[in-house]
There are 2 protein chains.
Amino acid sequence: MIRHSILDKLPDALQEDVLETVKAMSLPQGKILFRAGEPCQGLPLVLRGTVKVQMTGAAGNSIVLYRMGKDDICTLSIGCLMTGYGYRAEALVEEASEAVMIPRGLFDRLMDQSAEFRLGVMESYGRRLDDLMLLVEEVAFRRMDERLDEWLQARTSPVLITHQELAVELGTAREVVSRLLKELERKGRVKLARGRIELTGL
Amino acid sequence: MIRHSILDKLPDALQEDVLETVKAMSLPQGKILFRAGEPCQGLPLVLRGTVKVQMTGAAGNSIVLYRMGKDDICTLSIGCLMTGYGYRAEALVEEASEAVMIPRGLFDRLMDQSAEFRLGVMESYGRRLDDLMLLVEEVAFRRMDERLDEWLQARTSPVLITHQELAVELGTAREVVSRLLKELERKGRVKLARGRIELTGL
DNA sequence: CCGCTTCAGTGATAAAGTCACACTGGACCG
DNA sequence: CGGTCCAGTGTGACTTTATCACTGAAGCGG
């Protein structure tokens, strides 16, 4: 069953067109949707689940750039599609997902014939750009302890994550996360266990 | 005279449409095209000159996100146009420029009626996204001395810039730039003067 | 030439990143 | 069921970067 907010708004003729062309893909957790350097096959639409997009530096350290969820569009792919250059980041399925791949030809047709589709794509682009600008500012200027705090506040206890994974979320080194967390534990703000952070209120 | 690569490709009817609607703006060096928080009036097309887009953190430190030059589109504006939220960054005219502002209605019409225009917009978006992803990686993982080196290598001696401006280019503090430059001078790689860096080979 | 403003240099200290290595909880295996 | 292994974690030592506070120097306008 293919349902995606951007497809729902299409006129019936185009919707049929889409349904004939694309096939839904099941993406198990851990699956890599694309890797850095790979060419782009089409525009993925996420039907359900979440996919994280991350980038790896020369020294092997990674940072999560943003996430895609239900009804999202992998806008990043459009650029690759247009220019023919490979992806610069990689996409990892976080929660088991379903997606469809819109090939180049169909994408052009949709852009041509549906103002709603165009709007959806533009909005998605705007959001990504915004996300990335915010991220640049965070990484360039904000203190790590603040960012860690914020990250923790935004979820519910207990958080099941390793220090290494958390380091990738924040774009820092594992040791830095370990030390900051230990400090928080000394202050009584969290309780640490292997792969698990319990938020013990204030 | 209004000439912009993305307009040149339009069919004659639309070109006339554009010429009737927009007026070229002269942007003197130092002029601020938009500030953070301001709402977006339309899509600026840069006809000539260069405009830098930068962002300022809470503590007052800034970083240059990217530049726009001749035939560029201020893609960032589209997102603001769509969502109605204000700009997150500010745009500063670096070299005296000329630009035209495409209002919302005309933008929609162009997107609707010209595949070339759409292609131009998509390409521009792709490039910005790419720029920003690269920047995130740089800021998050690369060493400042390397980045400074690279930045210097990419231009011709003498470079006329203050340490403060250079710090904004790299997204760091003025003192850091001063120290790194002094170090380079000790190594004989540059010669420093007020507002001026001479690259002495090697 | 004087006084002001902008630019640059630098010490002290704190935060963050890197490197190296020790320890440990738990899974798996014989 | 104890032993082995390994991902995950803790930590010391050191380097790099950021921040704060201040000094001095260059250039400009009068």
Side-chain angles (χ1 to χ4, degrees), chain A residues 30 55-64 135-152 158-198, chain B residues 30 55-63 135-152 158-199:
Chain A
M55 187 166 200
T56 299
N61 19 24
S62 301
I63 182 169
V64 173
L135 184 59
V136 168
E137 203 229 301
E138 284 238 325
V139 170
F141 301 130
R142 302 216 24 230
R143 291 189 37 165
M144 200 49 84
D145 51 357
E146 278 176 27
R147 293 178 56 208
L148 175 60
D149 256 35
E150 241 166 57
W151 194 94
L152 289 173
V159 186
L160 301 180
I161 193 172
T162 67
H163 297 184
Q164 177 57 57
E165 288 162 348
L166 190 34
V168 172
E169 291 293 323
L170 300 175
T172 182
R174 198 263 314 159
E175 295 92 317
V176 174
V177 171
S178 286
R179 273 192 256 262
L180 289 174
L181 282 174
K182 208 67 196 165
E183 184 58 28
L184 284 180
E185 192 177 43
R186 272 189 282 273
K187 288 183 192 160
R189 309 240 286 90
V190 301
K191 260 173 74 179
L192 300 177
R194 181 172 252 244
R196 181 190 154 94
I197 305 169
E198 203 177 321
Chain B
M55 187 167 201
T56 299
N61 20 23
S62 302
I63 183 169
L135 183 59
V136 168
E137 202 229 302
E138 283 239 326
V139 170
F141 300 129
R142 305 218 20 232
R143 293 191 37 167
M144 202 47 85
D145 52 357
E146 278 175 27
R147 291 178 57 209
L148 175 59
D149 255 37
E150 241 166 58
W151 193 94
L152 289 173
V159 186
L160 300 181
I161 193 173
T162 67
H163 297 184
Q164 178 57 56
E165 287 163 348
L166 191 34
V168 172
E169 291 294 323
L170 299 174
T172 182
R174 198 264 313 161
E175 297 92 317
V176 174
V177 170
S178 287
R179 274 192 254 261
L180 290 175
L181 282 174
K182 210 65 194 166
E183 185 57 30
L184 285 181
E185 192 176 43
R186 272 189 282 274
K187 288 183 192 159
R189 309 242 284 88
V190 300
K191 260 173 74 178
L192 301 177
R194 181 172 247 242
R196 178 190 158 96
I197 304 169
E198 203 177 322
L199 310 176

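All chains are named by letter (A, B, ...) in the order of the sequence lines, taking the proteins before the strands, and each is independently numbered beginning at 1.
Following rounding to the nearest Å, D145(B) (CG) and dA18(D) (C1') show an atom-to-atom distance of 15 Å. Here dT5(C) presents its P atom at 18 Å from CD of Q164(B), a figure rounded to the nearest Å. With rounding to whole Å, R196(A) atom CZ is found 13 Å from dT9(D) atom P. The CD atom of E175(B) sits 17 Å away from the P atom of dT6(C) (whole-angstrom rounding). Atom P of nucleotide dG10(D) and atom CG of L181(A) are separated by 8 Å, given to the nearest angstrom. Rounding to whole angstrom units, CG of residue N61(A) and C1' of dA16(C) are separated by 13 Å. Between the CZ atom of R147(B) and the C1' atom of dG17(C) there is a distance of 15 Å, rounded to whole Å. Atom CD of E165(A) and atom P of dG8(D) are 7 Å apart (whole Å).
Contact check, T172(A) against dG17(C): a side-chain N or O comes under 4.0 Å of OP1 or OP2. Distances shorter than 4.0 Å separate some side-chain N or O of H163(A) from OP1 or OP2 on dG10(D).
Among all heavy-atom pairs drawn from W151(B) and I161(B), the shortest one is CH2-CD1, 3.7 Å. Here the closest non-hydrogen pair linking P158(B) and R196(B) is CG-NH1, 3.6 Å.
In terms of polar N and O atoms assigned as donor or acceptor, the side chain of R174(B) comes within less than 3.5 Å of the base of dG9(C) in a complementary pairing. Judged by distance alone, with hydrogens and angles left aside, R179(B) brings a side-chain donor or acceptor within reach of the base of dG11(C), the pair sitting under 3.5 Å.
Backbone-only contact: R143(A) has heavy atoms under 4.0 Å from sugar-phosphate atoms and none from a base.
Comparing R194(A) and M144(A) by the nucleotide of DNA chain C whose heavy atom lies nearest to each, the residue mapping closer to the 5' end is M144(A). The nearest heavy atom of DNA chain D to E185(A) and to F141(A) marks one nucleotide each, and the one closer to the 5' end goes with E185(A).
In this structure, the nucleotide among dC20(D), dG17(C), dT17(D) sitting nearest to the side chain of V176(A) is dG17(C). The side chain of S178(B) sits closest to dG9(C) out of dT17(D), dG10(D), dG9(C).
Ionic pairing of K187(A) and E185(A) is not present here: no N-O contact between side-chain nitrogen and carboxylate oxygen is shorter than 4.0 angstrom. For R143(B) and E146(B), the salt-bridge test fails: no basic side-chain N is under 4.0 Å from an acidic carboxylate O. For the pair R147(A) and E150(A), the salt-bridge criterion is not met [side-chain N within less than 4.0 Å of a carboxylate O].
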